[in-house]
There are 2 protein chains.
Amino acid sequence: MADVAREAAVSKTTASDALRGHGRVSGATRDAVEAAALRLGYSPNRNARSLRTSVTETVALHIPEVLTSAEYYMSFVFGVTEQATRAGLNVTMISSGHLPHRGALPQVDGLVLCDPMAGDPVVEALMNSGLPVVTAERYVGDKESTGVVCSDHETTTVELLDHLRDMGAVRPALLASDSTAERAATVLDTYRRWCVRNGLPDTVHKAPFGSPPEVPRAEVARMLAGSPETDAVVCAADGAAVTVLPEIRAAGRTVGKDLLLASCVDSTTMRLSDPPITAIDLRPRDMGAECARLLCDILSGRSPRGTVRSLPITLNTRASTGLPRP
Amino acid sequence: MADVAREAAVSKTTASDALRGHGRVSGATRDAVEAAALRLGYSPNRNARSLRTSVTETVALHIPEVLTSAEYYMSFVFGVTEQATRAGLNVTMISSGHLPHRGALPQVDGLVLCDPMAGDPVVEALMNSGLPVVTAERYVGDKESTGVVCSDHETTTVELLDHLRDMGAVRPALLASDSTAERAATVLDTYRRWCVRNGLPDTVHKAPFGSPPEVPRAEVARMLAGSPETDAVVCAADGAAVTVLPEIRAAGRTVGKDLLLASCVDSTTMRLSDPPITAIDLRPRDMGAECARLLCDILSGRSPRGTVRSLPITLNTRASTGLPRP
DNA sequence: ATGAAAGCGCTAACAA
DNA sequence: TTGTTAGCGCTTTCAT
């Protein structure tokens, strides 16, 4: 930077201001400085800048370690990373297992928490860090997050249930997830209310969160044996819908004919399953990007704390719930 | 830090040395300083440290944006992150799309590249950054990486092909990936040599890298129609094996009976498919952790540049290639 | 075994 | 509009 200043025959301050577009400098000097910087291949030392400004230009990202929804989370990571990079921010991963040594949080300007689960000690520590936090989906603990990007699961779940009814289902059952993330609760509530509104009994089986994928299979087998009138199954847990296919077949049912099947989380697997499974596209990449964007906006003061943004999601109907919509 | 020094009644220098375990200080003073730091909840300012030492304690991580192997990559990310955190390093994600502004690389001590593809401009820029680079699997471009963690795909592929032969297959075909990552080439070579050694003709169909998952399906349909004598299919591309199941059934074949099916990449999907699919477990989390460990070792001088470490991988035999091994 | 002082590269405050 | 000075928090000489 001193070199750039000398090359452009100005002071360090002027060079600094010129490169950051600080309105102080005249057009001519700015061009001169920029040319000099380019010639010397200068790029600023982020550590020095951070030390001086106490702005790290870095955000931390926490992802729950759940491999059954790897596609969702990986897409989310790509979304956050690309958007943050665009905005000139670095993205630091936070280990889902343990916080760094001495309980010291990473030195960042803000946090993005994906599907924060109340009760997760790392999540709680991050929520209580005092740093601005944007969560993908609401955090249901005591602490309020600084910003939220959430989707309207209620509307889409109703849409899904209506679709099942329209396709002839009269006894839809729910294979619920009992994650403490918000989405799980919304789906369950919505399902129960929908049943009441439609004058139907509800059938709910739960697969404990983080249980191995064999568990939902067993649950569905039990469900079909115990409630044989079931003619549609909605799987809330990511990825579960595909894994229960064999049990459904083993019970003598045919998916898309005498048993409709749908998933609350879409993925390549759902699309390519046999038959393809009706699912809700949560648009994880856009979700990640929107979280990064909101965090930037909050950090720069463009958006106020407490901002809630909404990300549209859509139902993809496929053969597992009858013929795809035309 | 000045506060800690005052609290412990020593100089800043002594406090600094004490906290880093620099052998200068006596045991008593060190304890005093540590107690003081604990009392004050002190944690060092990484930026100031980095500015002074020009060590960032940060590594960057690059992941190819391929959603068909999201489970592999997400596990890899978790492995890297956890191991790096253990070693006191931060992990910064590098956007797979574009490099940061001004072409400036992130300011880090080293890089981890997962499955680096020759020809990818971001990968090439990173390889040429001059920073220490550890790659998961060899980089096949001109540049040499500083360290490599790789697996013995040749041996395991032979083991897989032998297994198919043992289970009765006489005409195994390969659905190859034409990624420029090393593994793709190794699998193809190994398959061809194995065919020669066993006096069998080879049948290879390719799915262009990054092609939508519908492509391998179509390839398999073509394969079964064009080479009906095929009695086993090995899928190199991640996730392809599951997606081709419907085509195989449509061709009137039964997986595990008159057509054996195997994947070169294991995943939850393979394990839970119907039937479960024989696959090679690449142990992505361990791979990530080992990459981080090797990079640490190289950065700290514990391992020399050019170190190559090997990660064992294993074949999981399942019903798709006949009965599981007892 | 400890302390004092200099300085990493940058930017905010103040002066001109 | 530009320059000068000080200092962010730490570690590393160098001196004691």
Audit row: R309(A), S303(A), side chain to side chain donor-acceptor pair (under 3.5 Å) steps and yes/no: CA-CA 11 Å; R309(A) 288 190 191 160; S303(A) 293; 3.1 Å; yes

Look for any protein N or O under 3.5 Å of an N or O in nucleotides 10-14 of chain D and output each such pair with its distance, or none.
residue: dC10(D); atom: OP1; partner: Y42(B); partner atom: OH; Å: 2.6
residue: dC10(D); atom: OP1; partner: N45(B); partner atom: N; Å: 3.1
residue: dC10(D); atom: OP2; partner: M1(B); partner atom: N; Å: 3.4
residue: dC10(D); atom: N4; partner: K12(B); partner atom: NZ; Å: 3.0
residue: dT11(D); atom: OP1; partner: R49(B); partner atom: NE; Å: 2.7
residue: dT11(D); atom: OP1; partner: R49(B); partner atom: NH2; Å: 3.2
residue: dT11(D); atom: OP2; partner: S16(B); partner atom: OG; Å: 2.5
residue: dT11(D); atom: O2; partner: R52(B); partner atom: NH1; Å: 2.4
residue: dT12(D); atom: OP2; partner: R20(B); partner atom: NH1; Å: 3.3
residue: dT12(D); atom: O4; partner: T13(B); partner atom: OG1; Å: 3.0

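- Using a 4.0 Å heavy-atom criterion, one finds that S50(B) contacts no nucleic acid atom at all.
- When heavy atoms are screened at a 4.0 angstrom cut-off, S54(B) is found touching no nucleic acid atom at all.
- Going from atom CG of D3(B) over to atom P of dC8(D) covers 12 Å, rounded to whole Å.
- dG3(D) atom C1' lies 16 Å from atom CZ of R6(A), rounded to whole Å.
- No side-chain heavy atom of V77(A) sits under 4.5 Å from any side-chain heavy atom of V77(B).
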Steps toward side chain to side chain donor-acceptor pair (under 3.5 Å) verdict (D109(A), T56(A)): CA-CA 6 Å; D109(A) 298 331; T56(A) 61; 2.8 Å; yes

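- Nucleotides of DNA chain C lying under 4.0 Å from heavy atoms of chain B occupy a range whose first and last members, 5' to 3', are dA1(C) to dG9(C).
- Between T14(A) and dG3(D) there is a side-chain polar atom (N or O) within less than 4.0 angstrom of OP1 or OP2.
- For the side-chain contact (heavy atoms from CB on, under 4.5 Å) test, residues two or more places apart in sequence or in another chain that qualify with T29(A) are V10(A), V25(A), S26(A).
- Scanning all heavy atoms of the two residues, the minimum distance from E137(A) to P116(A) falls at O-CD, 3.9 Å.
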Verdict with supporting geometry, D297(A) and T307(A), side-chain contact (heavy atoms from CB on, under 4.5 Å): CA-CA 10 Å; D297(A) 289 348; T307(A) 298; over 6 Å; no

